[in-house]
A.B. asks: 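Below: one structure in structure tokens.
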Protein chains: 2
Amino acid sequence: MELAEAKLKFIETWGKLGSEWGINRTMAQVHALLLISTEALTTEEVMEMLKISRGNANMNLRDLIVWGLVEKQHKAGERKEFFFADKDAWSIARQVAKERKKRELEPVLKSLAELSNVNGDEKDPEFKTFKKSVSDISKLAKNVDKTLETMLKAEENWFFGSIFKMFK
Amino acid sequence: MELAEAKLKFIETWGKLGSEWGINRTMAQVHALLLISTEALTTEEVMEMLKISRGNANMNLRDLIVWGLVEKQHKAGERKEFFFADKDAWSIARQVAKERKKRELEPVLKSLAELSNVNGDEKDPEFKTFKKSVSDISKLAKNVDKTLETMLKAEENWFFGSIFKMFK
DNA sequence: ATAAACTTTCAATAAGTTTTGAAAGTTTAA
DNA sequence: TTAAACTTTCAAAACTTATTGAAAGTTTAT
């Protein structure tokens with residue numbers, strides 16, 4: 001496969017993965033484009049390469065900055081803004097984990113905590129089933145949260161190592 | 001909070017989490033409803049409790065069965081089908097991981113493998129950046145895959161344990 | 001102060017996804 | 001075999017989310 005074709009396919013693959021995981025397809029594609037660009041790109045270049053409108057390009061670039069995956073760059077003597085993606089896979093994984101933990105996991109933990117304060121008759125099987133489900137899911141969610149917390153703190157990428165062997 | 005209110009809130013929370021992670025909101029709500037039901041429910045009961053149509057209830061119940069999260073049950077002397085959810089949090093997590101690994105991670109690994117066979121000039125910086133991005137992401141994805149593989153094989157729930165402490 | 005270069009916003013529209021409900025299909029009991 | 005009980009299908013409609021593009025806003029150079 002030639003480079004130009006491979007680039008298109010990479011952008012497509014990354015976009016598809018994003019949309020399957022609840023991330024805007026175009027945002028993932030813009031990210032992919034920047035990931036494989038040696039140079040920082042302008043809004044204009046992103047628009048042209050992905051065939052998207054100015055508004056769309058601008059909005060997704062801003063979102064990528066909020067997610068901590070892309071940075072603005074200024075070039076000497078240039079009026080335009082340039083956008084550049086962090087290329088380190090481990091750092092990308094951490095940023096995404098951090099953002100989704102904050103946006104999604106934490107609110108769920110909060111709800112589950114409230115739900116475990118439910119009042120009811122301990123002898124009622126409906127009540128017992130409810131409490132058990134909520135408590136089991138809470139435990140799992142808390143452990144996911146703690147693991148992510150540890151992952152976020154780790155400077156080193158244990159995932160590139162062989163920690164998974166420990167699970168036998 | 002009273003049981004009835006808590007149940008509604010649980011269904012809502014689970015549905016929201018599902019939709020944020022690319023899972024049909026209603027499917028997640030049907031799952032939540034069955035998770036907190038002591039008894040297996042009929043299509044009719046699901047329709048009524050979630051205020052959804054027959055077609056919608058039927059389709060989401062079937063999908064939950066495909067995902068391995070819900071089973072059909074037959075009751076002696078009853079003509080209707082009853083649906084019952086596996087209540088074990090660890091088993092739910094494993095089923096979801098298994099299904100998404102198969103549907104999403106594996107196709108991405110396949111694409112990445114193809115992309116690493118790209119032809120080009122080793123001296124071209126564009127080519128080098130591309131190869132490095134693809135190769136780094138491949139490594140990460142393979143490790144995620146291996147870790148999931150191990151998780152799926154594990155009968156025991158290492159997540160309920162304290163494995164996360166190992167990451168320091 | 002002006003105007004050109006550039007970025008951001010947002011209402012309208014398009015695209016994508018989910019839901020409905022009635023009709024078709026299937027199973028069971030008599 | 002019939003018909004009632006139940007399940008499945010699927011085209012149309014409703015709903016949700018993403019995209020466009022022109023107008024408004026901002027910055028910079030002169």
Side-chain angles (χ1 to χ4, degrees), chain A residues 11-12 14-34 39-67 70-84 100 103-104, chain B residues 11-12 14-34 39-67 70-84 100 103-104:
Chain A
I11 290 166
E12 189 192 309
W14 209 235
K16 188 159 162 265
L17 184 65
S19 70
E20 285 166 342
W21 285 86
I23 285 163
N24 182 312
R25 198 186 92 259
T26 305
M27 174 171 149
Q29 288 183 335
V30 173
H31 185 222
L33 175 62
L34 293 174
E39 297 297 315
L41 304 179
T42 61
T43 302
E44 210 77 35
E45 288 168 317
V46 170
M47 285 166 63
E48 197 172 301
M49 286 167 144
L50 299 180
K51 308 263 190 283
I52 61 175
S53 71
R54 185 173 300 284
N56 201 7
N58 179 271
M59 172 174 222
N60 283 299
L61 284 166
R62 275 191 300 112
D63 282 355
L64 283 165
I65 291 169
V66 171
W67 278 68
V70 164
E71 281 180 22
K72 275 189 186 175
Q73 263 188 2
H74 285 281
K75 292 202 182 175
E78 286 275 11
R79 192 99 159 248
K80 291 193 209 84
E81 291 177 326
F82 289 76
F83 299 90
F84 183 78
R100 300 204 75 156
R103 296 183 187 203
E104 294 144 25
Chain B
I11 290 167
E12 189 193 310
W14 209 234
K16 187 158 164 267
L17 184 66
S19 70
E20 284 166 342
W21 286 86
I23 285 163
N24 181 313
R25 199 185 91 256
T26 305
M27 176 169 147
Q29 288 184 335
V30 173
H31 185 222
L33 175 62
L34 292 175
E39 297 296 315
L41 303 180
T42 61
T43 302
E44 210 77 34
E45 287 169 317
V46 171
M47 286 167 62
E48 196 173 301
M49 284 165 146
L50 299 179
K51 309 265 188 278
I52 61 176
S53 72
R54 185 173 300 285
N56 200 8
N58 179 270
M59 173 177 223
N60 283 298
L61 284 165
R62 274 190 301 111
D63 283 354
L64 283 165
I65 291 169
V66 171
W67 278 68
V70 164
E71 282 180 20
K72 275 189 187 176
Q73 263 188 3
H74 285 280
K75 291 202 182 176
E78 286 275 13
R79 190 98 160 249
K80 291 194 208 84
E81 290 177 327
F82 289 76
F83 300 90
F84 183 79
R100 300 204 76 157
R103 295 183 187 202
E104 293 143 26

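So you know, we letter chains A, B, ... as the sequences are listed, proteins then strands, and number each from 1. Side-chain atoms are counted along with the backbone in the values below, which use heavy atoms only and exclude waters and symmetry mates.
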A.B. asks: So for atom CD, which belongs to B:Gln73, do other residues, nucleotides or ligands contribute more than 12 heavy atoms lying within a distance under 6.0 Å?
C.D. replies: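 Yes.
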A.B. asks: Using side-chain heavy atoms (C-beta onward) and a distance below 4.5 Å, is B:Glu20 in contact with B:Lys16?
C.D. replies: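 Yes, side chains in contact.
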A.B. asks: May I have the distance from B:Met47 (atom CE) to C:dG21 (atom C1'), rounded to whole angstrom?
C.D. replies: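 Interatomic distance, CE of B:Met47 to C1' of C:dG21: 9 Å.
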A.B. asks: Kindly indicate, with the supporting measurements, whether the criterion salt bridge (charged side-chain N to carboxylate O under 4.0 Å, His left out) is fulfilled by A:Lys75 and A:Glu81.
C.D. replies: CA-CA 8 Å; A:Lys75 292 202 182 175; A:Glu81 291 177 326; over 6 Å; no
A.B. asks: Looking at residues at least two apart in the chain, or sitting in another chain, which of them share a side chain to side chain donor-acceptor pair (under 3.5 Å) with B:Arg100?
C.D. replies: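 Side chain to side chain donor-acceptor pair (under 3.5 Å) list for B:Arg100, sorted by chain: B:Glu104.
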A.B. asks: Taking the side chain as everything from C-beta on, heavy atoms only, tell me whether B:Phe83 gets closer than 4.5 Å to B:Leu64.
C.D. replies: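 Of all side-chain heavy-atom pairs linking B:Leu64 with B:Phe83, none is under 4.5 Å.
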A.B. asks: Taking only residues two or more places apart in sequence, or in another chain, which ones meet A:Lys80 in a side chain to side chain donor-acceptor pair (under 3.5 Å)?
C.D. replies: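 A:Lys80 satisfies side chain to side chain donor-acceptor pair (under 3.5 Å) with no other residue.
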A.B. asks: Using the side-chain contact (heavy atoms from CB on, under 4.5 Å) rule, take A:Val46 and A:Thr42 through it: C-alpha gap first, then chi angles, then the decisive distance, then the call.
C.D. replies: CA-CA 6 Å; A:Val46 170; A:Thr42 61; over 6 Å; no
A.B. asks: Under 3.5 Å, side-chain donor or acceptor atoms of residues 22-34 of chain B against the rest of the protein: list the pairs with distances, not counting sequence neighbours.
C.D. replies:
| from | atom 1 | to | atom 2 | distance (Å) |
| --- | --- | --- | --- | --- |
| B:Asn24 | OD1 | B:Thr26 | N | 2.8 |
| B:Asn24 | OD1 | B:Met27 | N | 3.2 |
| B:His31 | ND1 | B:Trp14 | NE1 | 3.2 |

A.B. asks: Walk me through whether A:Lys72 and A:Leu61 qualify under side-chain contact (heavy atoms from CB on, under 4.5 Å).
C.D. replies: CA-CA 9 Å; A:Lys72 275 189 186 175; A:Leu61 284 166; over 6 Å; no
A.B. asks: With a strict under 4.0 Å distance from non-hydrogen atoms of chain A, what nucleotide opens and what nucleotide closes the contacted stretch of DNA chain D, reading 5' to 3'?
C.D. replies: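 In short, chain A contacts DNA chain D from D:dA18 to D:dT28.
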A.B. asks: Ignoring hydrogens and angles, state whether a donor on the side chain of B:Arg62 or B:Asn58 is under 3.5 Å from an acceptor on the partner side chain.
C.D. replies: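 Indeed, the side chains of B:Arg62 and B:Asn58 share at least one donor-acceptor pair under 3.5 Å.
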A.B. asks: Go through residues 53-65 of chain B and report each residue with a non-hydrogen atom lying under 4.0 Å from DNA chain D, sorted by number.
C.D. replies: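 Hits under 4.0 Å, by residue number: B:Arg54, B:Gly55, B:Asn58, B:Arg62.
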A.B. asks: For B:Leu50 and C:dT20, give me the distance from atom CG to atom C1', rounded to whole Å.
C.D. replies: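 Distance, rounded to whole Å: 15 Å.
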A.B. asks: Which residues in residues 71-79 of chain B have a heavy atom closer than 4.0 Å to any atom of DNA chain C?
C.D. replies: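 Output list: B:Arg79.
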